[in-house]
Asker: 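My questions all concern the structure below.
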Amino acid sequence: ILNVEQSPQSLHVQEGDSTNFTCSFPSSNFYALHWYRWETAKSPEALFVMTLNGDEKKKGRISATLNTKEGYSYLYIKGSQPEDSATYLCALRSPTGGGNKLTFGTGTQLKVEL
Amino acid sequence: EAGVVQSPRYKIIEKKQPVAFWCNPISGHNTLYWYLQNLGQGPELLIRYENEEAVDDSQLPKDRFSAERLKGVDSTLKIQPAELGDSAVYLCASSYGTRDEQFFGPGTRLTVL
């Protein structure tokens, strides 16, 4: 059983603060690392797919980095806004299950307050 | 382009009752997934279909859960009878092929009283 861990479990920040969360995973079982944003009552939305060690990806104020050798990824949000409030999930895509099995972490619940 | 459609969005039932969830994947997507998300946990795969064939159902509790995708398009997940512990969000996802990105529906939130 793969163990994908996310921290912190929840986070409350003020509007304008920058924040970051961590996703850690076993480095020996790796195809790709996915980040999703899941707002309440909506579909999980794909943010990034990361495959190469040292990958850095950016989408507006959100960016992510990947270290496959030590088995972690960071997600950064610069200048948090209330609309960033959501649960951020990471998922490890591993060789099992035909190469498309996603093992999710438990998520980081972000609340951005005015 | 329409995304993955799920219905109902919310369902409240009493224990021992049956319940069914429906999913229509993105047009042209051959692979369909059902996930279970318990409160405070990440989604966990219940079953994966390649067209109409269930290729990974190892995590599906077969005593009370069943699923079908008869024509290789939309799918139904059923629980009979429901138990209190089945209260969760049931997510459907689809992808073009086995190794392609998965797109998720909004989920069905089930409450069993």
Side-chain angles (χ1 to χ4, degrees), chain A residues 1-11 21-26 29-51 57 59 73 75 86-111, chain B residues 1-11 21 23-26 29-51 53-60 88-110:
Chain A
I1 298 177
L2 295 177
N3 195 24
V4 179
E5 296 184 349
Q6 290 189 247
S7 64
Q9 188 174 7
S10 65
L11 198 54
F21 338 124
T22 304
C23 174
S24 58
F25 52 87
N29 282 279
F30 183 85
Y31 266 0
L33 195 285
H34 296 247
W35 281 101
Y36 290 88
R37 173 170 59 201
W38 193 1
E39 295 179 65
T40 302
K42 294 186 178 180
S43 303
E45 172 198 357
L47 289 174
F48 304 113
V49 181
M50 309 180 78
T51 55
K57 297 211 171 179
K59 190 176 186 177
S73 176
L75 187 80
T87 296
Y88 291 82
L89 289 166
C90 70
L92 176 70
R93 186 149 59 94
S94 63
T96 58
N100 207 27
K101 183 177 175 64
L102 290 180
T103 301
F104 284 85
T106 55
T108 293
Q109 193 171 4
L110 174 67
K111 174 77 173 173
Chain B
E1 180 183 340
V4 177
V5 178
Q6 289 188 247
S7 70
R9 294 292 307 276
Y10 304 91
K11 188 75 176 178
F21 315 127
C23 173
N24 194 32
I26 292 172
H29 280 194
N30 300 314
T31 309
L32 184 146
Y33 313 77
W34 282 103
Y35 287 88
L36 164 68
Q37 195 228 3
N38 286 304
L39 187 65
Q41 302 295 316
E44 296 178 8
L45 182 69
L46 287 173
I47 189 168
R48 174 169 64 97
Y49 281 94
E50 295 293 337
N51 299 301
E53 184 182 358
V55 295
D56 183 357
D57 63 355
S58 56
Q59 301 303 310
L60 190 73
V89 175
Y90 292 82
L91 282 167
C92 179
S94 70
S95 62
Y96 181 72
T98 304
R99 293 173 183 264
D100 296 305
E101 183 174 354
Q102 297 179 30
F103 292 83
F104 286 83
T108 296
R109 181 175 294 276
L110 174 68

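Chain A is the first sequence line, chain B the second, and so forth, proteins listed ahead of strands; every chain is numbered from 1.
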Asker: For B/Ser95, is it the side chain, the backbone, both or neither that has a heavy atom under 4.5 Å from a heavy atom of chain A?
Answerer: side chain
Asker: I'd like to check A/Pro44 versus B/Leu91 (side-chain heavy atoms, cut-off strictly below 4.5 Å). Are they in contact?
Answerer: yes
Asker: So A/Trp38 and B/Gln37, side-chain contact (heavy atoms from CB on, under 4.5 Å) or not? Walk me through it.
Answerer: CA-CA 12 Å; A/Trp38 193 1; B/Gln37 195 228 3; 3.4 Å; yes
Asker: Which atoms of B/Val89 come close to chain A, meaning under 4.5 Å heavy atom to heavy atom: side chain ones, backbone ones, both, or neither?
Answerer: side chain
Asker: What part of A/Ala41 is in contact with chain B, defined as an atom under 4.5 angstrom from a non-hydrogen atom: side chain, backbone, both or neither?
Answerer: both
Asker: For B/Tyr33, is it the side chain, the backbone, both or neither that has a heavy atom under 4.5 Å from a heavy atom of chain A?
Answerer: side chain
Asker: Nearest 0.5 Å please: distance from the NE2 atom of A/His34 over to the CD atom of B/Gln102.
Answerer: 7.5 Å
Asker: Below 4.5 Å from any heavy atom of chain A, which atoms of B/Arg109 appear? Answer side chain, backbone, both or neither.
Answerer: neither
Asker: Give the minimum heavy-atom separation between A/Lys42 and B/Arg9, together with the two atoms involved.
Answerer: N-NH2, 4.3 Å
Asker: B/Tyr35 and A/Phe104: side-chain contact (heavy atoms from CB on, under 4.5 Å), yes or no, with the steps?
Answerer: CA-CA 11 Å; B/Tyr35 287 88; A/Phe104 284 85; 3.8 Å; yes
Asker: Would you call A/Leu102 and B/Pro43 a side-chain contact if the rule is heavy atoms closer than 4.5 Å?
Answerer: no
Asker: So for atom NZ, which belongs to A/Lys57, do other residues, nucleotides or ligands contribute more than 12 heavy atoms lying within a distance under 6.0 Å?
Answerer: yes
Asker: Above 12 or not: heavy atoms from other molecules or residues under 6.0 Å from CD of B/Glu101?
Answerer: yes
Asker: If you look at every heavy atom in B/Gly105 and A/Ser43, which pair is closest and at what distance?
Answerer: C-OG, 3.1 Å
Asker: Under a 4.5 Å heavy-atom cut-off, does chain A meet the side chain of B/Asp100, its backbone, both or neither?
Answerer: backbone
Asker: More than 12 non-hydrogen atoms from neighbouring residues, nucleotides or ligands closer than 6.0 Å to CD on B/Glu50, yes or no?
Answerer: yes
